[in-house]
Number of protein chains: 2
Amino acid sequence: MTGRRNPGERRRRMVEAACELIPEVGVNGLTHRLVAARAGVPLGATTYYFASLDDLVAAALTRAAEVTEEGLRLWSEELERCADVPATLAALTADYLRERDRMVTWNELYAAAAHRPELRPLARLWLDGLTRSLSRYAGARAARAAAVFVDGALLYSLINDEPLDAESLERSLAALLAMDAG
Amino acid sequence: MTGRRNPGERRRRMVEAACELIPEVGVNGLTHRLVAARAGVPLGATTYYFASLDDLVAAALTRAAEVTEEGLRLWSEELERCADVPATLAALTADYLRERDRMVTWNELYAAAAHRPELRPLARLWLDGLTRSLSRYAGARAARAAAVFVDGALLYSLINDEPLDAESLERSLAALLAMDAG
DNA sequence: CTCGTACATGTACGAATGTACTACTTCTGG
DNA sequence: CCAGAAGTAGTACATTCGTACATGTACGAG
């Protein structure tokens, strides 16, 4: 009953527990004990599988980045098959802005990356990936501007009860994507 | 020599010390001892002047918000007297994006506000204030969109070595401010 | 089988933290 | 002038933390 032998699964559960905890307590609120309790493993397991707490945090943020990249592929496909890129992008963004936990997690990654440069490549995945996707429908400058706006909308939704309305999103993104190509 | 009697000044120095420390260690890295050491006061002074560490943090973030509001007034005046609003706004933003400490502090406030709702009004000051300023030159929707973009540019600069270039800023802001009024 | 290695688990420990507390000094109102 | 309030300063204490470690258990190679 106690601990069935299963290294991969145990590690995975700890990473998942850490991902669950980040929106609740923040990256800096993570502790070995909190993760162990949430994952249902003894305290010692956290130090056995991760060289340090920083490693555990990095593993959790890396996992969060993987999830984000997966979401990015979905966005890419959706944009590919749609007729109206700005409208579709606005709709996808509006959906994103309703998933508070994902937004908080991503902002935690930004904040952590601001203090720890080694995390910056991870933090760039979303913005760079989205920019690359949008480059198929607009100039490089316009694509990046639209991606920057989406991140601004994320920040806005973090501190306002009501996220940006769908029409504002669509008009703004349309305006940016229609910018002269650089 | 030790501590001349001067309550107001002491409190002010501790708040200032906390503001200095936030970009270095983050909001969650603040401790009584760190603030006391930086301010040059004994440990006891921090608990005498602030009911709890949260109070100290709140005081520091409030002070940071005051500085931001002051900066906002400068932006307002600059925009008032200029000929080309998007170009001036882009230049002001470009200057802002070079002050890394201010950006990090502001992002720390966002992250803290995401977890502590009582800080949200403070976090909204910048975005709401900028939106209000811009409302004199564009519709409500366009003004807000431009402010959201500026915050997105802040996030972008936090995790990239090179901030957004001036031309991208100007074109993007021009496109947003020219949006149909809502 | 058996033995070494990888995994599991509970406990221990030094360091750091928030906060309370005691003693001391300076100021102020009567 | 002189209490008592307000400010200053050093220290103490319970708690929590990251991490190390000792012991126990399963499992695959020979």
Side-chain angles (χ1 to χ4, degrees), chain A residues 1-63 108 111-112 115-116 118-119, chain B residues 1-63 108 111-112 115-116 118-119:
Chain A
M1 178 59 75
T2 55
R4 301 306 287 269
R5 215 79 187 269
N6 198 340
E9 171 67 7
R10 265 170 95 86
R11 194 191 147 93
R12 201 193 57 77
R13 279 180 59 183
M14 284 188 279
V15 170
E16 187 182 348
C19 287
E20 276 180 38
L21 284 164
I22 286 177
E24 301 174 23
V25 300
V27 163
N28 291 291
L30 278 188
T31 68
H32 282 128
R33 286 165 178 83
L34 220 44
V35 173
R38 177 66 61 101
V41 301
L43 173 59
T46 59
T47 62
Y48 182 78
Y49 281 92
F50 302 95
S52 72
L53 185 60
D54 277 356
D55 276 22
L56 206 173
V57 168
L61 291 176
T62 301
R63 172 65 190 145
E108 287 286 330
H115 293 286
R116 289 164 53 182
E118 72 272 19
L119 292 176
Chain B
M1 176 60 75
T2 54
R4 302 305 287 270
R5 215 80 186 269
N6 197 341
E9 171 68 8
R10 263 169 97 88
R11 194 190 147 94
R12 200 193 59 76
R13 279 180 59 184
M14 284 188 278
V15 169
E16 189 182 346
C19 287
E20 276 181 39
L21 284 164
I22 285 177
E24 300 174 23
V25 300
V27 162
N28 291 291
L30 279 187
T31 68
H32 284 126
R33 286 165 178 82
L34 220 45
V35 173
R38 177 66 62 100
V41 301
L43 174 58
T46 59
T47 61
Y48 183 77
Y49 281 91
F50 302 94
S52 73
L53 186 60
D54 277 357
D55 276 22
L56 206 172
V57 168
L61 292 176
T62 301
R63 172 66 190 144
E108 287 285 331
H115 293 286
R116 288 163 55 181
E118 71 272 20
L119 292 175

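In what follows, every chain begins at residue 1, and chains take the letters A, B, ... in the order their sequences are listed.
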Practice problem: Calculate the interatomic distance between E9(B) atom CD and dG7(D) atom C1'; express it in whole Å. | Solution: 15 Å
Quiz item: Given atom CG of D55(A) and atom C1' of dT19(D), what is their separation to the nearest angstrom?
Solution: 13 Å
Quiz item: Between E108(B) (side chain) and V27(B) (backbone), is there a donor-acceptor pair under 3.5 Å?
Solution: yes
Quiz prompt | Below 4.0 Å: OP1/OP2 of dT8(D) and any side-chain N or O of R10(B) | solution = yes
Practice problem: Return the value, rounded to whole Å, for the distance between atom CG of N6(A) and atom P of dT9(C). | Solution: 12 Å
Extract from the structure each pairing of a protein N or O with an N or O of nucleotides 15-18 of chain C at less than 3.5 Å, listing the distance.
unit_1	atom_1	unit_2	atom_2	d
dG18(C)	OP2	H32(B)	N	3.2
dG18(C)	N7	R33(B)	NH1	2.9
dG18(C)	O6	R33(B)	NH2	3.0

Quiz item: Can you find a pair of side-chain heavy atoms, one from R116(B) and one from D54(B), that are under 4.5 Å apart?
Solution: yes
Quiz prompt | Sugar-phosphate only, base, or nothing, as touched by A45(A) at under 4.0 Å among non-hydrogen atoms | solution = base
Quiz item: Do the side-chain N or O atoms of R11(B) get closer than 4.0 angstrom to the phosphate oxygens (OP1, OP2) of dT8(D)?
Solution: no
Self-check item: Distance in angstrom units between Y49(B) OH and dT19(C) P, rounded
Solution: 18 Å
Quiz item: Can you name the closest pair of heavy atoms from S52(A) and H32(A) and give their distance?
Solution: C-NE2, 4.3 Å
Quiz prompt | Whole angstrom value for the distance that separates C1' of dG7(D) from CE of M14(B) | solution = 11 Å
Self-check item: d(OH, Y48(A); P, dA22(D)) in whole Å
Solution: 16 Å
Self-check item: Nearest heavy-atom neighbours spanning R10(A) and A45(A)
Solution: NH2-CB, 3.5 Å
Quiz item: When we call it a touch if two heavy atoms are under 4.0 Å apart, what does F50(B) touch: a base, just sugar-phosphate, or nothing?
Solution: nothing
Quiz prompt | R63(B)/E16(B) ion pair, N-O < 4.0 Å | solution = no
Quiz item: Judged by atom type as modelled, is there a donor-acceptor pair below 3.5 Å linking the side chain of R13(B) to the main-chain atoms of A39(B)?
Solution: yes
